[in-house]
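Here's the structure we're looking at; comments come further down.
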Amino acid sequence: MEIDQLGDWRRTHYTIEVKPDLNGKDVVVLGWIRDIRDLGGIRFVILEDREGTIQITVIRGKSSKEVVERADSLLTQYSIGVKGTVKKTKMTPRGIEIIPHEIRILGVAEHPLPLDVTGRTPAEIDTRLNARVLDLRRDESRAVFRVEHVALETMRTFLSENGFIEVHTPRIIASATEGGAALFSVDYFGQAAFLAQSPQLYKEQLVVGFEKVFEIGPFFRAEESHTRRHLSEFISVDIEEAFATSTDVMKVLEELVHRVCKAVAEKCHRDLEILKYKIVVPEIPFKRLSYDTILKELEKDGISIPWGEDIPTPAFRTLGETHPYFYFITDWPTKSKAFYINPRTDNPEVSEGFDLMWQWVELASGGTRIHSKNLLIKRLKEQGLQPKSFQFHLEAFNYGMPPHAGWAIGLERLLMMLTGKKNIRDVVLFPRDRSRLTP
RNA sequence: GCCCUGGUAGUAUAGUCCGGUCUAGUAUAGGCGGCUGUCGCCCGCCCGACCCGGGUUCAAAUCCCGGCCAGGGCGCCA
């Protein structure tokens, strides 16, 4: 089918801005066809744009031949432009309709569509992700990403106001940053290279001089995970602060989370309504529970974990029932944390590392970092890592590395908390996981 | 990677346990026709599917084996 040109048509109003006081005025609306109801002599076309919907009413016999012909050839999901007169009416829920003078078909859609955009026939997440662009025509899918935008905007503002400057560290790196998580390898002009799993070492180096930095960006983990809360590519929100300890950065973290919850609750009414979800703005400070306390609580629930071991997921689920909102777990055993986490001076078995939990999900983790080069080398060896492969990182410790602390929060996990979504793939536009590389 | 469950029209489902009644039911989308105030419009007709390969059996959507894919869980983590 021939499609029309946009020509000199420009939107005069979003659908939501067309109100009864515009009665008799001409407007241009642009968007997609959500629904068509044809009663024979009269045809109702529901046009939807970013902000809402409006009814276009075509009356056979009254409308021009061209308009009727155009209206007859429409199918759902076509993108169209309509120039017409606003008419006040009691017969639509919005109290107005548009009587078109001209309809331009700007983009056609192939039918049958791979999923029902109106949501009457629900589609599974796999089907939706295969046709993600079409899925994003669904209000509920788009609402998630409007929430994400507000969350990001709030975080950037908050961190900037608090003296953090935004930085970008490399995604392509020469060696493992933390050990542990598997890395994706990359052919870098014939040299072995990897996709970064975290900005950890770089952000630490940057506190020399910048003192307070933050980074928001994607990182990569080549884990064969198959869960609702893991991705191969995820967005990490990282901070690092000089002359600070874990207690200082925990305050920054809880305040940030509080601010984000508040901003989303206040600014995203409509989206939260679409998502049928309510955000309870958490009170700060959050509970601070030591690893030892957690172990004792679990013991009471009949789960015993030997001191020093990591807490398995089913145990976290139990904890989530006891602590249904945000809480910190502090004083983790040194051996269960990454090599750069500072052991306590009074008891080196215990570290200054912490996790921020939301119910049973680990949202963020952080801690005071080791700033003594000798101790760092010792810890690297204890974790079975080669100090040689951290040569460039260790050199930064020759230039007056200050005491410092920081954390990283998983943006998608935070977004699950903000939207009530149970599968992390729902809060990523084009998720990457063990078995999904397209679209 | 391991464990569990599943795979039926474009989409979402019934049927699978207990093989034959399935020429595979329903809804929605799509096509055709009718309808001048719908708003999940309505009414009639039509199109369209048993994941792939092998096996058991007179007979397989249904039972068995292998593969692929999906969902959930575990480990690991953000």
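Below, chains carry the letters A, B, ... as their sequence lines are ordered, and counting in each starts from 1.
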Exercise for the section: Could you check A:Lys203, A:Arg156, A:Arg171 and say which one makes a salt bridge (charged side-chain N to carboxylate O under 4.0 Å, His left out) with A:Glu215? Expected result: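 Going through the options one by one, the only one that passes is A:Arg171.
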
Exercise for the section: Establish, with yes or no, whether the OP1 or OP2 oxygen of B:rG1 is under 4.0 angstrom from a side-chain nitrogen or oxygen of A:Arg434. Expected result: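 True: A:Arg434 side-chain N/O within range (under 4.0 Å) of B:rG1 OP1/OP2.
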
Exercise for the section: Considering just the side-chain nitrogens and oxygens of A:Arg43, establish if one lies under 4.0 Å of OP1 or OP2 belonging to B:rC39. Expected result: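 Indeed not, no polar side-chain atom of A:Arg43 lies that close.
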
What is the distance from [atom1] of [X] to [atom2] of [N], rounded to the nearest Å?
X: A:Asp35; N: B:rG30; atom1: CG; atom2: C1'; answer: 14 Å
X: A:Met357; N: B:rA78; atom1: CE; atom2: P; answer: 11 Å
X: A:Asn423; N: B:rA70; atom1: CG; atom2: P; answer: 13 Å
X: A:Asp355; N: B:rA78; atom1: CG; atom2: C1'; answer: 10 Å
X: A:Ile125; N: B:rG6; atom1: CD1; atom2: P; answer: 21 Å

Problem - Under 3.5 Å on both distances, the Watson-Crick or G-U partner of B:rC32 - result: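 Base partner found: B:rG44.
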
Remember a base hit wins even if backbone is also touched, and classify [X] as base, sugar-phosphate or nothing at under 4.0 Å, heavy atoms.
X: A:Glu412; result: nothing
X: A:His230; result: base
X: A:Ser225; result: base
X: A:Leu231; result: base

Problem - Under 3.5 Å donor-acceptor, A:Asn342 side chain and A:Thr368 backbone - result: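 Side chain of A:Asn342 to backbone of A:Thr368, a donor-acceptor pair under 3.5 Å: no, none is there.
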
